[in-house]
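Residue numbers start at 1 and run along the sequence shown. Everything quoted here is computed from the prediction, not taken from an experiment. Every heavy atom of this structure was used, including side-chain atoms; hydrogens, water molecules and symmetry mates were not.
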Amino acid sequence: MIKWKRSILRGKWFLQTAGLMFVMALSGCATSGQKTQEAMKMIQGLDYQGALTVLESAKESGENARLINRAKGIAHMGLTDYGQAITCFEAALAGSNGMVENFDFDLNYYLAAAYTKNNMYDRAEEVYNAILGLRPLEEEAFFLRGNVRLALGDSQGAKADFDQVIALNPKNYDRLIQIYEVLDYYDKGEDGKAYLVAALAIGDKQMDKYVSGRIYYYLGDYQNAYMDLEEAKEKGGAESYLYLGRAYEATGDYNYAANVYNSYLSKYEGNAQMYNQLGLCEIARGEYQKALEAFQAGKKLENTTMMQTLSFNEIVAYEHMGEFQQALSLMESYLKNYPDDAQAKREYEFLSTRQGQ
C-alpha cells in the first residue's frame, strides 16, 4: 500500500506563471509563404525543432523575413530558449519599414513574453510602456504590465495598472477575477479581494448569478457561492458546474463535487476541463482508477487546450496507483513536448528513483 502523498496535481483555476504568459494566435499577421505556414502548423503540433528546420528552408526560398523571424521566435520559446527567441523577435521588429502596424504590436507582445519568461521583467515593462505610449487605452498591456510590476516588487505600480484596467472596462468581471488570481499568486490576495468586494457592493443588472457565484467562491463565502452557482448551472454553462464543484471541494465535500462534474458530463458533450476537475476530485477521494479514466477521457477530446495539464495529471494518477514504470515512460514523452516544465523535471527525477517498486 502506498503511504506517501504528494500535492502535484494541476488544475486550471488560476493563471499559470502568475498571469505572465500572453498567448497569441499562431497565424501570421501578414501574408506568409507556404513553408512558413507549414512551420506554424508544426509549432501548433509542438514540433518546434522541425519547424526551425522548415523555417531555414523558407529563408532560402526568400519568404517574408519578418514572419520567418516571428515564427522562429515562437519555436525557440517552445524549446525554452528564451534568449534566442528574444533575438528573433528583435530581428523581426528591426525589419520594419518605419510605419507602426498591428504586426509590430503583435511582435512586441511576443517580445515582452519572452523577456518575462527569461526573468527580464524590467525589459518586459519597457515594452509594455512603449505599447501604451502608442496605444494609451490598451487594456491588455495595462494588465500584463501590472503582472510584470508585481514580479518586480512594484505593488503600487501594479495597483495603478489594475485600477486602469478596471476603469477601462468595469464590467469585465472575467478580467477582474484574473486580477484577483494574479494578486493572490503574489501573496496579495487581500488586495485582490478588495476588488471583488467592491464589485459586489456596486453591483448591476449585468452581474448575473454566475458572476456573483464566482466572486463569492474566491471570497471564501461558499454558502452564497452554492446558491448562486446552483441557479446559474440551470442555464447549462460548464463554468458554472466547475465553480460549483470547486466550492464543494473547498469545504471537503468531494462526493457531492464529483456528482456535480458527472452530472454535467452525463448531460452535455465532453469537456476537457470538466474531466480534469473530476479527475482531481477522484484523486482527493482516493479513487485513482476513476481519476485515471477521467484524465484519459479528457485527452481523447479533439482540439483541447488542456492537453498538457491532463497529460501531467494522468502521470500522477499512475504514480498513485503504484505504476511507476508507466508513469516514468509517460513523463519522458511529456518532457519532449513540454521541456520548460520545471516541476515535471523534478517529478522525473523522483520517478527515476522508484524503478523496480
Side-chain angles (χ1 to χ4, degrees), residues 14-26 28-30 43 65-169 172 175 178-188 191-192 195 340 342:
F14 54 89
L15 296 181
Q16 292 185 353
T17 62
L20 294 173
M21 292 187 67
F22 180 71
V23 182
M24 302 186 67
L26 292 177
C29 296
I43 288 172
R66 298 190 78 197
L67 288 171
I68 290 172
N69 279 318
R70 173 183 181 270
K72 282 184 175 180
I74 297 171
H76 281 298
M77 286 193 72
L79 292 169
T80 71
D81 187 353
Y82 303 120
Q84 191 60 44
I86 289 168
T87 298
C88 292
F89 293 137
E90 289 178 339
L93 283 165
S96 172
N97 61 8
M99 298 291 292
V100 180
E101 302 172 332
N102 287 337
F103 184 59
D104 296 287
F105 286 98
D106 170 271
L107 285 170
N108 272 286
Y109 274 113
Y110 271 118
L111 178 60
Y115 280 140
T116 298
K117 293 293 288 182
N118 210 34
N119 299 321
M120 300 169 67
Y121 302 117
D122 53 342
R123 298 296 299 275
E125 183 180 21
E126 290 173 5
V127 174
Y128 294 129
N129 289 343
I131 291 173
L132 288 166
L134 294 172
R135 290 183 173 177
L137 300 179
E138 189 93 340
E139 179 186 335
E140 193 71 33
F142 276 117
F143 174 67
L144 292 169
R145 189 175 69 176
N147 290 192
V148 169
R149 285 178 166 176
L150 282 175
L152 288 168
D154 182 5
S155 299
Q156 185 174 354
K159 183 180 185 304
D161 280 343
F162 294 149
D163 286 347
Q164 186 63 34
V165 170
I166 294 170
L168 287 169
N169 197 350
N172 185 346
R175 179 67 88 193
Q178 287 179 333
I179 290 172
Y180 163 77
E181 291 175 317
V182 174
L183 287 166
D184 187 56
Y185 181 92
Y186 282 98
D187 297 323
K188 298 184 181 299
D191 293 339
Y195 286 113
D340 190 28

Next on the checklist: To the nearest 0.5 Å, what is the distance between NZ on Lys159 and CG on Leu150?
Outcome noted: 12.0 Å

Checklist entry - For Ala112 and Ala124, which heavy atoms make the closest approach, and how far apart are they? => result O-CB, 3.7 Å

Checklist entry - Which heavy atom of Gly146 sits nearest a heavy atom of Ala158, and at what distance? => result O-CB, 3.4 Å

Checklist entry - Does the side chain of Ile86 come within less than 4.5 Å of Met120's, by heavy atoms? => result yes

Next on the checklist: Would you say Arg145 and Asn129 are linked by a side-chain donor-acceptor pair, where the criterion is simply a distance under 3.5 Å?
Outcome noted: yes

Item to check | Closest approach of Ala92 to Asn69 (non-hydrogen atoms, all atoms of both residues) | outcome: CB-CB, 3.8 Å

Checklist entry - Between Lys188 and Asp184, does at least one N-O distance fall below 4.0 Å, as a salt bridge requires? => result no

Item to check | Closest heavy-atom pair and its distance - Tyr121, Asn119 | outcome: OH-OD1, 3.1 Å

Next on the checklist: Asp122: which residues meet the salt bridge (Lys or Arg N to Asp or Glu O under 4.0 Å) condition with it, sequence neighbours left out?
Outcome noted: none

Item to check | Nearest-0.5 Å distance, CD of residue Glu139 to CG of residue Asn169 | outcome: 5.0 Å

Next on the checklist: Is it the case that the side chains of Glu140 and Tyr128 hold a donor-acceptor pair, with the cut-off being a distance below 3.5 Å and no angle test?
Outcome noted: no

Checklist entry - Taking only residues two or more places apart in sequence, or in another chain, which ones meet Phe162 in a ring-ring contact (aromatic ring centres under 6.0 Å, His included)? => result none

Next on the checklist: Looking only at side-chain N and O atoms, does Arg123 offer a donor or acceptor that is under 3.5 Å from a partner on Tyr115?
Outcome noted: yes

Item to check | Atom pair CG/CD of Asp161 and Glu125 - distance to nearest 0.5 Å | outcome: 8.0 Å

Checklist entry - Can you tell me how far the CD1 atom of Ile166 sits from the CZ atom of Phe143, to the nearest 0.5 Å? => result 10.5 Å

Next on the checklist: Can you confirm whether Asp104 sits close enough to Arg66 that some side-chain heavy atom of one is under 4.5 Å from a side-chain heavy atom of the other?
Outcome noted: yes

Checklist entry - Does Asn118 have any side chain to side chain donor-acceptor pair (under 3.5 Å) partners at least two apart in sequence or in another chain, and if so, which? => result none

Next on the checklist: Under the rule for side chain to side chain donor-acceptor pair (under 3.5 Å), what residues qualify as partners of Glu101, not counting sequence neighbours?
Outcome noted: none

Checklist outcome for this item: Contacts of Tyr180 meeting ring-ring contact (aromatic ring centres under 6.0 Å, His included) (sequence neighbours excluded), chain-then-number -> Tyr218

Next on the checklist: A side-chain contact here means heavy atoms from C-beta on lying under 4.5 Å apart; do Val127 and Tyr109 qualify?
Outcome noted: no

Item to check | Main-chain N/O of Asp154 paired with Arg149 side-chain donor or acceptor, under 3.5 Å | outcome: no

Checklist entry - How far does CG of Asn108 sit from CZ of Arg135, to the nearest 0.5 angstrom? => result 10.0 Å

Checklist entry - Which distance, rounded to the nearest 0.5 Å, do you find between the CG of Leu144 and the CZ of Phe142? => result 12.0 Å

Could you give the side-chain donor-acceptor pairs of residues 74-84 under 3.5 Å, partners two or more places apart or in another chain?
unit_1	atom_1	unit_2	atom_2	d
Asp81	OD1	Gln84	N	3.3
Tyr82	OH	Asp340	OD1	3.2
Tyr82	OH	Asp340	OD2	2.4

